Amino acid sequence: MIEFEQVEKRYGEEAIAVHPFDLTIEDNQFICVIGTSGSGKTTLVRMINRMIEPSKGIIKINGQDVTKLNEDELRRKIGYVIQNIGLFPHMTIRDNIMIVPKLLKWSEEKKAGIAERLIQRVDLPLEFLERKPKNLSGGQQQRIGVIRALAASQDIILMDEPFGALDPITRDALQEMIKGLQQEMKKTIVFVTHDMDEAIKLADKIIIMDHGELVQYDEVETILEHPANDFVEELIGKRKRNSYYNNEMTVADLMVKRVEAISISKSITDAIRQMSEKKVDTLLVVDDQRCLKGFVDINFIERNISKLKPASSVFEVMGKDTASVNQNDRVADVIEPLINHTFKYLPVVDDEDHLVGIVTRSSLVSLVQEQLQ
Ligand code: ADP
Ligand code: MG
C-alpha cells in the first residue's frame, strides 16, 4: 500500500507544482495518472521513490515512511520505467534485463533463470538473450523493455508515459501485455499517461491531475459516470455512459488514424529501415494513391532473407491477401471477424480503397467488455 498524507511540492521559490493531497493506493492495483502537460503527474510519481523529495507531507509504503529508506531499499521495493523504455545498445539483452538485480548485488544463485523465465513470458526465443538490442526488431525491443521492469520482482512499478511515442499497433500490443503481466504477477503499477483511452483500458483506478491539483481519484466506471468537474468531463469526452458503444458507431469512430505505411515501389531495405525506426514489426503497403495493396512482416523477411536481394521491391515479399474493413462499416459488424482472427488489427479503407486508419483487436475487446459491465 502507498499512502500520501498532505503531500505538497514546490520547486524552489517557484509557484506550487503539486498542491497538498491525500491518496491511498492499494496493493495489486493498476493506477493511471492522467492530466494535461505540466499538471504534476511526473512530480507525483517520482515522489514515491524519492527521485523528487516532497516539500511537505509524508509518503508511506506499507506503513513505512519512505524518507527512512535508503537507496537500495527503495530499489528493492520499486521499479521505474522511463519514457520509451530505451535499452542500452552496447549490452546484451540478458544484461539489459538483469541491470537492477546486478545493481542490488544479488547472488548468482538468486539471479539464475530470471532472464530465461521472463523472456519466455513474452514469447521470445531464449537465444535472443545473447543478442544486442539492434539485432531485435523494434517491437521485440519494446517487449524486453517491459520485462526488464519486472526482473527485480519489486511489488511496485512506476511507469512514466512508457508508450508515449509508439505507433498505435505496438502500443496496443504492449498495453495488453503489461496489463496481463500485472494481473498475473500481482504488481502495483502507477502509470502516467496523457491518453484517456490508454487510462481507461489499463486502469483499475485513475488519478486525474489539473494544474497541480488532484481533482479526482476513482474507479474507471465512476469517473465515466460521475466526473468530478468540467475538466474531467472534457477529458472523458464522448466516452461517457455507454454512448461509446452503440449500434450507430462506425469503424471511423473507433479507428486510429495515424498508421505506418510504405509505398509498394520501395525496396526491402527501405522497409526494414522504416520498421526499425518506427519500432514496428509490420507495415501496410500502399500505392502512389495510398490505396491498400498488402502488408510486409519483418519475421517473414528474416526467414527468407537468404533468398532475397536488398534491392528487391516490397511487392515481392508482401502478403497480398490483406483483410480490411470500410470506415463506414458499423462496429457491430466487424467485431466478429476481428476477434475470431489471429491478426491484431485490421486496416481501414474508404470507398475508393484508400488506407485511412486501423482498428486494433484490443480496442474492440475493451469496448465489448465495457458493454457487458
Ligand atoms: P507533468 O508530468 O504532468 O507534465 P511535471 O510534474 O513534470 O508535470 O511538472 C509540474 C510543474 O512543475 C510544471 O509547472 C513544471 O514546469 C514544474 N516543474 C517540474 N520540474 C521542475 C523543476 N525541476 N524545477 C522547477 N519547476 C519544475
Ligand atoms: Mg511528465
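Everything quoted here is computed from the prediction, not taken from an experiment. For ligands, and for the atoms within them, numbers begin at 1 and follow the listed sequence.
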Below 2.8 Å, any N, O or S contact between Ser37 and the Mg ion (ligand 2)? no
Electrostatic pair [X]-[Y], nearest N-O below 4.0 angstrom:
X      : Y      : value
Arg94  : Glu116 : yes
Glu108 : Lys111 : yes
Arg171 : Asp195 : yes
Lys187 : Asp27  : no

Looking at CD1 of Ile78 and CZ of Arg50, how far apart are the two atoms once the value is rounded to the nearest 0.5 Å? 10.0 Å
Would you say atom 7 (O) of ligand 1 touches the protein, meaning some protein heavy atom is under 4.0 Å from it? yes
Indicate whether atom 15 (C) of ligand 1 is within a distance of less than 4.0 angstrom of some protein heavy atom. no
Of all the non-hydrogen atoms in the protein, which one sits nearest to [atom], and at what distance?
atom                    : answer
atom 9 (O) of ligand 1  : Thr43 OG1, 3.8 Å
atom 4 (O) of ligand 1  : Gly38 N, 2.7 Å
atom 19 (C) of ligand 1 : Tyr11 CE1, 3.4 Å
atom 2 (O) of ligand 1  : Thr42 OG1, 2.7 Å

Determine whether the aromatic ring centres of Phe4 and Tyr217 lie less than 6.0 Å apart. no
Checking heavy atoms under 4.0 Å, the part of Val18 that sits near ligand 1 is neither
Is the number of heavy atoms from other residues, nucleotides or ligands under 6.0 Å of Glu127 CD greater than 12? yes
Considering the heavy atoms of Thr36, write down every atom of ligand 1 situated less than 4.0 Å from one of them. 3 (O)
Can you sort out which atoms of ligand 1 are near Ala17, meaning under 4.0 Å from one of its heavy atoms? 11 (C), 12 (O)
Is Val45 close enough to touch ligand 1? Criterion: a residue heavy atom under 4.0 Å from a ligand atom. no
I'd like to know whether ligand 1 has Ser37 as a neighbour, heavy-atom separation below 4.0 Å. yes
For residues Asn328 and Thr250, is any side-chain donor paired with an opposing acceptor at under 3.5 Å? no
